[in-house]
Amino acid sequence: MNANLNEELKRHFGFDKFKGKQEEVIKNLLDGNDSFVLMPTGGGKSLCYQLPSLIMEGTAIVISPLIALMKNQVDVINGISENDGVAHCLNSSMNKAAVDKVKSDITNGITKLLYLAPESLTKEEYINFLKGVKISFYAIDEAHCISEWGHDFRPEYRRIRPIIENIGLAPIIALTATATEKVRSDIKKSLGITDAKDFMSSFNRPSLYYEVRQKDASIDKQIIKFIKQNPGKSGIVYCLSRKKVEELAEVLKTNDITAEAYHAGLDTAVRNSTQDDFLMERIDVIVATIAFGMGIDKPDVRFVIHYDIPKSLEGYYQETGRAGRDGGEGKCIAFYSHKDLQKLEKFMDSKQVTEQEIGRHLLQETAAYAESSICRRKMLLKYFGEIYPKDNCGNCDNCLHPKTKILATKELELALRSILTLKESFKTAYVIDFIKGRKTDDIESHKHNLLEDFACGEGLNDKIWNPLIRKAIIDGYIKKDIESFGNLKVTDEGLKWLKNKTEFYVTEDNNYNDEVSETISSGSGALDPTLYAMLKDLRKSQAVKHNVQPYIVFMESSLEQMATIYPVNLQELQNIPGVGQGKAKRYGQPFCDLIKKYCEENNIERPEDMRVRSVAKNSMQKPKIVQCVDRKMPLDDIAKSLGIKFTELLDEMEAIVYSGTRLNLDYYIEETMDDDQIDDIYEYFKEAETDSLKEAYKEFDGDYQDEDIRLIRLKYISENAN
């Protein structure tokens with residue numbers, strides 16, 4: 001049989017030998033037994049049912065969640081076969097003639113593999129037809145969709161077993177690339193294959209590099225810089241919302257990256273075209289929701305970026321698994337912030353209590369992964385029940401930049417003792433509150449503040465408890481009970497350790513602080529203080545030369561940006577906020593000359609190639625405002641016609657004037673203010689060292705309305721700077 005199987009493999013697929021556990025799985029299926037296959041992305045799951053379907057009598061039913069996945073795999077099988085009808089799919093996008101053709105090929109014994117979405121499988125028409133077909137076996141792909149604990153739960157998957165019984169029993173093979181122990185047992189129970197033989201492959205993907213970065217205002221710049229440092233390489237950027245997918249795709253395209261958006265809300269033809277362009281390498285980058293990627297057979301995806309942290313570690317593992325399927329490099333970068341986590345938790349408020357509990361538990365695991373300074377690979381594998389033997393994998397950010405270890409033997413003892421004192425009935429946050437002595441409502445309602453061990457860790461390092469519990473879970477001293485949504489329990493190993501303590505070390509969590517300054521959100525990301533001081537001196541001398549205040553030449557925020565992204569010509573200078581064409585021509589050349597000389601003398605690598613060009617927003621507002629002002633239209637009416645507030649109109653006009661375009665507002669100002677007011681405020685800005693509104697409001701101390709001060713400032717800047 002072994003020789004025959006190898007011959008069949010060579011004949012149909014052109015491979016000389018099987019990969020991993022493929023051969024064992026196929027033999028089990030050919031023997032008529034149920035199988036549960038857990039094989040990471042790139043491990044060759046599909047072949048486990050494709051080859052037996054071509055060998056066995058009858059037609060194999062493959063239940064698959066996405067039309068894109070079906071199309072891709074049908075093309076693969078038909079591509080290796082003499083006849084086009086060897087593989088077919090039935091889905092909602094097909095017309096009657098196409099459906100009739102599929103039924104005809106099945107009836108005539110041509111079709112060996114039939115792909116169906118779970119929704120299609122429930123159709124009475126298909127069930128009645130399939131009752132008269134010889135079914136070789138049922139393959140349930142992406143089987144994690146069955147479990148509420150899985151990262152992509154689909155209620156339709158729960159109905160598969162009754163439908164199989166209705167059509168006619170045959171061996172079942174369930175396949176997934178990612179499933180925790182809880183999900184695995186859920187899948188087998190729902191499919192009625194509790195006695196199925198398990199085929200488990202390692203979750204470790206040694207060629208994948210894992211990194212988590214702080215998500216802040218520079219995220220678009222970081223992504224563009226990364227992609228441009230990897231020219232011509234294929235990659236996927238995952239976002240949680242369709243809106244963000246479309247926005248980011250536009251930003252990438254604006255910055256000369258061949259990218260397209262992909263999400264379920266787009267027209268089917270557009271999605272198919274985008275998918276084909278990606279597979280055929282007409283575009284390098286797909287920006288997508290998780291609707292993209294399941295089963296897409298592109299082996300050379302070189303990076304997967306998560307713009308938003310995923311809702312579960314299973315989802316994260318599945319999505320990162322689309323990188324480096326050929327065994328080559330794959331860089332997996334996720335951006336993380338507490339705010340994103342809070343948003344995801346808020347979305348759960350409308351769900352049922354059990355769903356909320358499951359969702360929050362999964363989110364906590366994701367947060368733990370992101371914040372921890374332990375080896376990322378070790379944490380991921382532990383989540384799936386696999387032990388990674390090394391402490392340093394050498395291929396994740398935490399291992400390449402390890403933190404100093406802290407001795408925490410005493411703290412581990414306190415943690416284990418507290419879990420036992422609390423009868424192993426509470427989650428991590430509660431246990432930590434107990435150790436630290438926080439009298440929360442929950443703790444006081446249980447009267448746990450009266451226990452002897454309450455506040456046993458008071459005065460010790462506050463930041464150590466979360467990483468300590470994670471490390472203790474990885475080392476096998478503590479476990480999380482999934483059935484109770486994460487209650488902590490002390491393992492037998494933990495009890496042994498308490499009797500015979502050995503040294504225990506931890507590292508503090510990574511600090512992902514959401515309060516990141518957004519002042520410098522483009523360019524290199526770091527202001528050059530030496531250049532900034534030189535630019536301020538130059539501005540002062542230019543102000544004297546032109547007989548204007550320094551801020552008339554360039555605002556301080558503009559100088560900060562110049563000292564950040566080093567523009568060396570007038571075209572680049574116009575990319576600086578607050579510098580328009582007129583201002584660049586009038587004042588810009590000496591600044592460009594200074595910056596160019598400074599870069600050459602200090603051998604500075606400029607980030608201009610990595611500059612984020614923003615997608616124009618409200619692109620029609622500027623010309624419309626300029627036209628309306630030229631026609632001397634009252635400002636209130638302009639604001640109304642644009643559907644914005646008066647203060648927002650002033651914001652827009654300030655952006656216009658500060659970028660170098662002149663606006664003559666005299667017609668409106670002279671109508672609404674008297675001459676003394678105008679002269680008083682105008683004289684102030686003429687003498688002031690700064691154009692700061694805050695300073696101006698302070699100076700006039702309520703004598704004039706804020707809008708009036710802003711209008712005169714606009715008049716002054718427009719007349720003297722433009």
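A quick note: this is a predicted structure, and the numbers were derived from the prediction, not measured.
Nearest heavy-atom pair, His306 versus Val304, reported as atom, atom and distance to 0.1 Å: CE1-CG1, 3.9 Å.
In this structure, Phe504 and Trp497 have perpendicular ring planes: the angle between them is above 60°, well past the 30° mark.
Ring to ring, Phe36 and Phe199 are not that close: their centroids are 6.0 angstrom or more apart.
A donor-acceptor pair shorter than 3.5 Å cannot be found between the side chains of Glu314 and His144. Tyr388 and Glu386 share no side-chain donor-acceptor pair at under 3.5 Å. For the residue pair Asn398/Tyr210, the side-chain donor-acceptor check at 3.5 Å is not satisfied. Judged purely by distance below 3.5 Å, without hydrogens or angles, the side chains of Ser425 and Asn487 never pair a donor atom with an acceptor atom.
Checking side-chain atoms of Lys215 against main-chain N and O of Tyr307 turns up a donor-acceptor pair under 3.5 Å. Lys331 places no side-chain N or O within donor-acceptor distance of the main-chain N or O of Phe303, the cut-off being under 3.5 Å. Between the side chain of His446 and the main chain of His448, no donor-acceptor pair closer than 3.5 Å is present. Arg158 places a side-chain N or O within 3.5 Å of a backbone atom of Ile146 that can act as its donor or acceptor partner.
Applying the salt bridge (Lys or Arg N to Asp or Glu O under 4.0 Å) rule to Glu211 yields the partners Arg213; only residues at least two apart in sequence or on another chain are considered. Legend: residues meeting salt bridge (Lys or Arg N to Asp or Glu O under 4.0 Å) with Lys382, ordered by chain and number and at least two apart, are absent.
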